[in-house]
Amino acid sequence: MLRRLYDWTLARAAGPQAEAWFAGVSFVDGALLPIPPELLQIPMAMARPSHAWRVGIIGALSSAAGAVLGYEIGALFYQGVAMPLIKMTGHLPQFEAFMRAVAGNVFLWPIAFVVMPQAAAMAAGSVPLGIGAALAASLVGRGSRFLIVAWLLRHFGARAQVFIDRYFHHVAVAVLAILAVYVVVRYAL
């Protein structure tokens, strides 16, 4: 079953709507909900390694556009919208600690956009950071993540696909274990 899902994802990743879906997921991830866009970026770059940089740039720009929406939510609707969204995702304690830590430190903002892009965008709008600084922090922090993945896939994607095809079962079990640990660490702790 996982093999069919993997093959289906690779086929869609090379399809004509792949970039639009990826841009949409990256936008939502940058603004509202933690949906890892790398789940689309990786198969897209593996399906067409010559497009790895293009896909990385689409992700970086879409995520930055999402950060602008998150910033506006934080600036205009902090109490009515941003705070309930943060509570809904279970990140209120981390958000409050983050606000205290980075409110006056411009060098921590790009890191925040890598780790918690949605909370960082909303927090940037609720403190006197400025939209330009928030956009720059998103592009540096989140954008670098997309571009690092693009570079890795451009240089190692073909070899990685051969490896995955050969050892699919082992790779699938390892990926599922990593995802389970991620979910436990992010949401249960």
Side-chain angles (χ1 to χ4, degrees), residues 1-72 109-121 124 131-183 186:
M1 180 176 101
L2 287 177
R3 181 62 194 212
R4 283 186 295 181
L5 179 61
Y6 170 72
D7 291 337
W8 181 86
T9 303
L10 282 181
R12 297 308 167 273
Q17 300 298 319
E19 289 180 354
W21 277 103
F22 178 62
V25 168
S26 298
F27 178 85
V28 169
D29 180 63
L32 303 169
L33 300 171
I35 304 169
E38 291 84 3
L39 294 176
L40 290 175
Q41 181 182 11
I42 292 168
M44 286 175 66
M46 288 177 72
R48 297 175 75 186
S50 62
H51 285 69
W53 286 113
R54 176 185 169 94
V55 171
I57 290 168
I58 289 169
L61 295 176
S62 299
S63 183
V68 170
L69 174 63
Y71 178 93
E72 291 300 325
W109 283 101
I111 295 168
F113 274 97
V114 171
V115 179
M116 293 181 2
Q118 310 83 17
I131 186 93
L135 185 58
S138 176
L139 284 169
V140 169
R142 195 75 169 145
S144 64
R145 183 170 150 182
F146 283 105
L147 295 178
I148 288 169
V149 170
W151 181 84
L152 288 170
L153 291 169
R154 179 74 174 118
H155 291 286
F156 303 109
R159 284 182 268 174
Q161 187 161 2
V162 169
F163 180 83
I164 290 169
D165 287 342
R166 181 176 292 162
Y167 301 105
F168 181 79
H169 178 72
H170 300 322
V171 171
V173 169
V175 168
L176 288 174
I178 290 168
L179 284 173
V181 168
Y182 172 78
V183 167
R186 180 148 186 172

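If you're wondering where the values come from, they're calculated on a predicted model, not measured in any experiment.
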Is the shortest heavy-atom distance from the side chain of [X] to the side chain of [Y] under 4.5 Å?
X    : Y    : result
W109 : S138 : no
S62  : F22  : no
I131 : E72  : yes
L139 : L61  : yes

What are the two closest non-hydrogen atoms of [X] and [Y], and how far apart are they?
X    : Y    : result
F113 : A67  : CE2-CB, 3.8 Å
A52  : A150 : O-CB, 3.2 Å
S63  : F146 : CB-CE1, 3.7 Å
A31  : G66  : CB-O, 2.9 Å
E19  : R54  : OE2-NE, 2.6 Å
G56  : L147 : C-CD2, 3.9 Å

- request: Rounded to the nearest 0.5 Å, what's the gap from CG on L152 to CD on Q41? Could you check?
  value: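 If we round to the nearest 0.5 Å, L152:CG and Q41:CD are 9.5 Å apart.
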
message: Taking CH2 in W53 as the centre, count heavy atoms belonging to other residues, nucleotides or ligands within less than 6.0 Å. Is the count above 12?
response: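 Yes, enclosed.
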
Pairing residues for A65 by the side chain to side chain contact (heavy atoms under 4.5 Å, CB included) criterion, not counting sequence neighbours: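 For A65, the residues satisfying side chain to side chain contact (heavy atoms under 4.5 Å, CB included) (neighbours in sequence not counted) are F27.
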
field: Residues in salt bridge (charged side-chain N to carboxylate O under 4.0 Å, His left out) contact with R145, at least two apart in sequence or another chain
entry: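 R145 satisfies salt bridge (charged side-chain N to carboxylate O under 4.0 Å, His left out) with E38 only.
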
Inter- and intrachain pairs under salt bridge (charged side-chain N to carboxylate O under 4.0 Å, His left out), touching residues 56-65, at least two apart: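 Every candidate salt bridge (charged side-chain N to carboxylate O under 4.0 Å, His left out) pair involving residues 56-65 fails, so no pair, neighbours aside, qualifies.
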
